[in-house]
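Report on the structure given below.
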Amino acid sequence: MKIKKAVIPVAGLGTRFLPATKTVPKELLPIVDIPAIQYVAQEAVDSGIAEVIFVTGRGKDSIEDHFDEIPELEQVLEERGQTEMVESLRRIAEMIEVVSVRQKRPLGLGHAVLCARDLVGNEPFAVLLSDDLIDSPSPCIRQLLDIFDEKGESVIALRRVLEHEVHRYGIVQGRQLNSRLYEVENMVEKPRPGETPSRLAIIGRYILRPEIFSLLEKVTPGRGGEIQLTDGISELARQKKVYGYEFEGEHYDIGDKLGFVKATVAYALKRAELERPVREYLRAVISKR
Ligand code: UTP
């Protein structure tokens, strides 16, 4: 079965980036000059998924606006001869079909995914979080889709983290099937380093079967009073097979300040016009310390 829809939840409060996120959605903070949400939408498109469901909330309308045409801006740029920029803006407006649904209160990621139930329908779907940027030759969600195509079951993205980082992630306990593939047996949300079942962290890319919705409905609020997606997937893993895939690629957790800075530097170094000056600047800064 072909997966046609991607859910991108964007209704969180973004408290770790206050005061920037007081009025600007976290998802629109740019890495160099591209907002985080656009990298993630591009990943969906590059993986063959063009229908995106945003789960939005108060103050987040500008995320949808980002994927609209702005004729008056295009006209000004045309008059100035900035045709390349006009084309680039048009490509953004054409890249995805946007539909959206509101999450009236940020009750957690699991609840946000549940809000998309009617728009997804009774079919498997992808979930992408714009907190996670993944730089890889084959888009991360495409890598998961390849496993789904083979197995027909839910697949979640995994990354091996350091012992002192496990407390920031959902951690998977699983049976290793090959060098990158695991069958998920259990999941723990943000364990203490001494109590972690593994160092395999869940990263914000998922292919989920629609059975997840009825399970999310039954999840009771966990840590921080939020309905956790991890709890729903744990239950799914008890009823059906759930696979974990250690994807290939460099991961940046841009929901975290250090991760955001790292992504900014790494993505700047990938840009032809910035690579040299940024490298020189970094060298100069470091030699001064
Ligand atoms: P986070 O756990 O990073 O929460 O959400 P947050 O509120 O965005 O940020 P902090 O931790 O307060 O700084 C992961 C993703 O899930 C979405 C967020 O928008 C983000 O993309 N989310 C989270 C929702 O859509 N609704 C929620 O209730 C919670």
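Just follow the structure's listing: the first ligand is 1, and inside any ligand the first atom is 1. Computed from a predicted model, the values in this text were never measured in an experiment.
- Remark: distances from the non-hydrogen atoms of His111 to ligand 1 are all 4.0 Å or more.
- Contact annotation for Gln103 and ligand 1: only side-chain heavy atoms (C-beta onward) come within less than 4.0 Å of the ligand.
- Atom 3 (O) of ligand 1 has Asp131 OD2, 2.7 Å as its closest protein atom, hydrogens excluded (heavy atom only).
- Under a 3.5 Å cut-off, the side chain of Arg16 and the backbone N or O of Gly255 do form a donor-acceptor pair.
- Every atom of ligand 1 with a heavy atom of Gly108 under 4.0 Å away is listed here by number and element: 26 (N), 27 (C), 28 (O), 29 (C).
- Geometrically, ligand 1 and Val55 share no nitrogen or oxygen pair separated by less than 3.5 Å.
- The shortest N or O to N or O distance between Phe17 and ligand 1 is not under 3.5 Å.
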### Task
Might you work through the side chain to side chain contact (heavy atoms under 4.5 Å, CB included) test for Leu89 and Ile70, ending with a clear yes or no?
CA-CA 8 Å; Leu89 292 182; Ile70 313 184; over 6 Å; no
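- The backbone N or O of Leu133 sits nowhere less than 3.5 Å from a side-chain atom of Glu43 that would complete a donor-acceptor pair.
- Per-atom contact check: atom 21 (O) of ligand 1 touches the protein, criterion being a heavy-atom distance below 4.0 Å.
- The main-chain N or O of Pro35 is never found under 3.5 Å from a side-chain atom of Gln38 such that the two would form a donor-acceptor pair.
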### Task
List the steps and the verdict of side chain to side chain donor-acceptor pair (under 3.5 Å) for Gln75 and Glu79.
CA-CA 6 Å; Gln75 198 187 332; Glu79 282 163 14; 3.2 Å; yes
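- Considering only non-hydrogen protein atoms, atom 16 (O) of ligand 1 sits nearest to Leu109 CD1, 3.5 Å.
- When all heavy atoms of Glu64 and Ser100 are compared, the pair lying nearest together is OE1-OG, 2.7 Å.
- When atom types are taken as modelled, the side chain of Arg160 and the backbone of Ala201 share no donor-acceptor pair closer than 3.5 angstrom.
- Below 3.5 Å of separation, one finds no N or O of Ser130 facing any N or O of ligand 1.
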### Task
Would you sort out whether Tyr245 and Phe148 count as a ring pair (Phe, Tyr, Trp, His ring centres under 6.0 Å), showing the intermediate values?
CA-CA 10 Å; Tyr245 186 69; Phe148 175 81; over 10 Å; no
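- Atoms of ligand 1 found under 4.0 Å from any heavy atom of Lys26 (numbered from 1 in listed order, with element): 3 (O), 6 (P), 8 (O), 9 (O).
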### Task
Take Val24 and Phe17 through the test side chain to side chain contact (heavy atoms under 4.5 Å, CB included) and record every step on the way to the result.
CA-CA 10 Å; Val24 178; Phe17 271 85; over 6 Å; no
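- If you check which protein heavy atom lies closest to atom 25 (O) of ligand 1, you get Ala11 N, 2.9 Å.
- Of the possible donor and acceptor atoms, none in the side chain of Lys151 sits under 3.5 Å from a partner among the backbone N and O of Tyr243.
- Side chain of Arg102 to main chain of Ala11: no donor-acceptor pair is present (N/O by atom type, distance under 3.5 Å, no hydrogens or angles).
- Close approach to Leu107 involves these atoms of ligand 1, each under 4.0 Å from a residue heavy atom: 28 (O).
- Distance from atom 11 (O) of ligand 1 to its nearest protein heavy atom, with residue and atom name: Arg16 NE, 3.0 Å.
- Phe125 and Phe213 have parallel rings, their planes meeting at less than 30° on a 0 to 90° scale where 60° marks the start of perpendicular.
- In this structure, the protein non-hydrogen atom closest to atom 17 (C) of ligand 1 is Pro9 O, 3.8 Å.
- For Glu27, the closest heavy-atom approach to ligand 1 falls below 4.0 Å.
- Remark: ligand 1 atoms within the under-4.0 Å shell around heavy atoms of Pro106 are 28 (O).
- Between Thr15 and ligand 1, at least one N/O pair is under 3.5 Å apart.
- Only backbone heavy atoms of Val10 (N, CA, C or O) come within less than 4.0 Å of ligand 1; its side chain stays farther off.
- A donor-acceptor pair under 3.5 Å is formed between the side chain of Gln143 and the backbone N or O of Ser138.
- Scanning the protein heavy atoms around atom 24 (C) of ligand 1, the nearest turns out to be Gly12 N, 3.4 Å.
- Listed by number with element, the atoms of ligand 1 under 4.0 Å from a non-hydrogen atom of Ala112 are 24 (C), 25 (O), 26 (N).
- Nearest protein heavy-atom neighbour of atom 7 (O) of ligand 1: Leu13 N, 2.8 Å.
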